[in-house]
Colleague: 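Starting off with a structure, shown below.
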Amino acid sequence: MRMLIFAWAVLLAQDAGVDEAAARLRESMAESEKLSEAILAQGPSALGALKRHAESASGAFREHLLALIREIERRERVGRFQTTPSTITLNAESAPLADVVSEIARQARISVKCGTAPGKDLVGVRLDRVPLLQALDELCRSHGGIVLRWPRRGPAAELTLDQAASGKPPRAFMGPYALEISSATWSQVSDFGVDVSERIALKFHLTWDPALQPMFSRLVITRWVEDGDGTVCEDVTPSLPPADQPWTSAPQQFDVEIRRRLSLDAKGFESISGYIETAFPRDVESHRIRDPGARREIPVKGGKTSFTFLELSRSNRKGSARFEAEPDVNLRPWDVRLVDRSGKAWPGTWVRSSRDEIKSVFVADFAVPKDVDVVELCVSRATPGPTVRTDWRIDRVRVR
Amino acid sequence: MRIGAILAAGCLMGLQDSPSDALRRGWTGVRGLIEQGEAVRPTLTALAEDRDPDVSFYARAALAELDGLGCPGASVPVRTKAIRGVSSVDALRELFKAAGMKFSGDLPDRALTIPDGLPLLEALEEASRALDVEFYLAAGGWKVTPGYLHAPRFAFGRFRIRFDQIQREARNSFERPISGSCRLRARLSGDGAARLVSVSDVRVLEAKDDRGVDLVRKPGLGTYQFLPEGHTLFVELSPPAPTARVVARLRLVVTASLEKKRDAIWLDLRNPEGTAAGRKIRLKAIERDAEGWRVDLDAVPAPEAADGFALVNEKGTAFELIRTRSTALIFRADEKAGRPVRFGMRAVTETFSRRVFLELKDLPLP
């Protein structure tokens, strides 16, 4: 019995030692993570010192330093490809609409125009680090008679404020994203027999801050509430594109069809909600072509290809670039950008290609303002990162 | 009872009232007037402009029927008489025989009663309802299928129409007021004596729901398409009142193109163009592919407008038609027959156009 008590006491003493060691290890790892984040926050300026220390270090410490170097370089590559979404801060009281709009355009470095909106009207708006699209929506609400319009394709790089018609499309603003229902169609079909089918077709349109360039996007509806008797439906509609299909693009228009009977007194929906899923590049391999006319061989996925930046033409609405590439290269809008003198990359909004037996010619449209001086073409191949889920809710959608 | 005696040709209906009063009775009045022939044309022409929309509509319908009498094979149709409680099999056999039509199929043998004075199509509508069957015109004559389709339908003279779909729609683009529509789809067919080739100029003359809302959408034009199911009309109306239950009245007029003459048309690469049912058909190529000889046309005429496609070599030996694919016809390649040189078809070379007035009542809304 005495022996047993002694063994028990030894075991307890051993446990206490492990606990103490584990606690100290946790503290030191937390400290290490904190220090690593501080170094990462310094960005490329920390690279010199890190490389110097890595040369003289050894073992696990050296591996950790090298991992930090790789992470800083990756963040820099992705950062060139994708910048931080704009936020707007301004305080206007009885200021002409045109002045407020030009201040927002200046802060976001994008084109915002007063289309048919009366620029001389006085508006008051107070914005504190509000995402660009939401800031413009608040401006519209403050005025009361104008509506924000964004391009149907590509990022929201050219925005217009127009005089509102009799109504406004229902919208949701989620940080750098905006989602609207541009049309809703309700129909009932009868073959004069017993069966009457009913369906509601909703056309969604998604856009985002031009700083973002999602590689993939997907829309999911999870719930809707009818406006008549408040009937709730939580049958999740199939996502668009379907969840079991590999992601290939970042669609912005989603045609949703709901085959369901609305309650007799329902005119539409009190609210429709769901989420969008987007994926952004985890890493980017970029190749820059500086001189128009020069041919450049570029390694891409599956081998090498060569590009010639042929020309850049400008129109009033968009900048477009024409470039020539070897066959078998499937370029997507996010693969090409134009880089201005300040180093800002302007993503492609649309890519078309024509191909004959000898060469492929690609023409890409870019939403580059006229006064921006483009200096080079950047061809990139990005590796997608994890998906990001953003919830949305659109209120008051009348369909009939 | 001798069934042969129950049918009478061109039974003249006595008119005891004025033409305008007769027209107010609707299609019965129209039937009575057109049996008087050309003599009533001046009266009908005057009544076509009558202030009463009903008189005007039926007068124009009667005039169209008179015009239709000039169509080949369109004399005053055979009418029913004294089909009261007789065997359905015997009655319909005699009816088809008297109308000069072939009929095949199994009919339920029941006692059948059909009102007097009805032409073939209208009599078939009565028989369909009574026997729970549908009669349809196929390539080999009239056939029958079980089950009566409870769809809005109308038959008069040599034409009938059956609506098979109605769609109510509301569209909200949010920046404009909600727009609505009511779309109808219908099949038009003839009685077989007058062969329908195509339809044009579909017009809605009048449309009202049971709340009295005018549903004619300006300019009130419908569309026509030849689909595998038949001659199909599409009509778009303005949205009915939310509480409306039926389209109370729908009046349409269409221009029907009927077969007048059918002849052989031969095309080759030197003379590649021909006309079938008033529509130009051009031979684009005769080429050999993996399946056989492929004849490419710029458009394939509708089955009603053309049949009997043939591809022949210099000696006139024909190649066998395997299939049609879009605007191409594929013929079996026969090495012994050599190369084809001419493509031919039997096609409608002359048509006769006439207007057909149609009237539907109480089309149920979804």
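Sequence lines set the chain letters: A, B, ... in the order given, protein chains first and strands last, and positions in each chain run from 1. Please read all numbers here as calculations on a predicted model, not as lab measurements.
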Colleague: Return the OG to NZ distance between Ser173(B) and Lys203(A), rounded to the nearest 0.5 Å.
Modeller: 12.0 Å
Colleague: Show the nearest heavy-atom pair for residues Pro169(A) and Phe174(B), with the distance to one decimal.
Modeller: CA-CB, 3.5 Å
Colleague: Is it the case that atom CZ in Arg203(B) sees more than 12 heavy atoms from other parts of the structure closer than 6.0 Å?
Modeller: no
Colleague: Which pair of heavy atoms, one from Phe192(A) and one from Phe163(B), lies closest together, and at what distance?
Modeller: CD1-O, 3.6 Å
Colleague: Check whether more than 12 heavy atoms from other residues, nucleotides or ligands sit under 6.0 Å from atom CZ of Arg110(B), and answer yes or no.
Modeller: yes
Colleague: Is the count of non-hydrogen atoms from other residues, nucleotides or ligands lying under 6.0 Å from Arg152(A) atom CZ greater than 12?
Modeller: yes
Colleague: Are there over 12 heavy-atom neighbours, none belonging to Asp265(A), within less than 6.0 Å of that residue's CG?
Modeller: yes
Colleague: Heavy-atom count around Arg245(B) CZ within 6.0 Å, excluding the residue itself: above 12?
Modeller: no
Colleague: Against chain A, label Ile178(B) side chain, backbone, both or neither, depending on which of its atoms sit under 4.5 Å from a heavy atom there.
Modeller: side chain
Colleague: If I compare all heavy atoms of Pro366(B) with all of Val196(A), which pair ends up nearest, and what's the gap?
Modeller: CB-CG1, 3.8 Å
Colleague: How long is the straight-line distance from CG of Asp191(A) back to CD of Gln167(B), given to the nearest 0.5 Å?
Modeller: 12.5 Å
Colleague: Within the 4.5 Å heavy-atom criterion, are Asn172(B) and Arg400(A) side-chain neighbours or not?
Modeller: no
Colleague: Taking heavy atoms only and a threshold strictly under 4.5 Å, list by residue number the residues of residues 143-152 of chain B that touch chain A; give 'none' if the list is empty.
Modeller: His150(B), Ala151(B), Pro152(B)
Colleague: Has Arg129(B) got more than 12 heavy atoms of other residues, nucleotides or ligands less than 6.0 Å from its CZ?
Modeller: yes
Colleague: Please indicate whether Arg260(A) has more than 12 foreign heavy atoms, meaning atoms of other residues, nucleotides or ligands, lying under 6.0 Å from its CZ.
Modeller: yes
Colleague: By a 4.5 Å heavy-atom criterion (distance strictly below it), what part of Ile181(A) contacts chain B: side chain, backbone, both, or neither?
Modeller: both
Colleague: Checking heavy atoms, do the side chain of Pro242(B), its backbone, both or neither come under 4.5 Å from chain A?
Modeller: neither
Colleague: Show me, pair by pair, the donor-acceptor contacts under 3.5 angstrom made by side chains of residues 266-276 of chain A, not counting sequence neighbours?
Modeller:
none

Colleague: For chain A, which candidate among Arg183(B), Arg171(B), Arg176(B) shows the most heavy-atom pairs at distances under 4.5 Å?
Modeller: Arg171(B)
Colleague: Less than 4.0 angstrom from a charged side-chain N to a carboxylate O is my criterion; do Arg168(B) and Glu198(A) meet it?
Modeller: no
Colleague: Tell me which of these, Ala201(A), Pro170(A), Ala164(A), Ser197(A), has more heavy-atom pairs under 4.5 Å with chain B than the rest.
Modeller: Pro170(A)
Colleague: Has Arg211(B) got more than 12 heavy atoms of other residues, nucleotides or ligands less than 6.0 Å from its CZ?
Modeller: yes
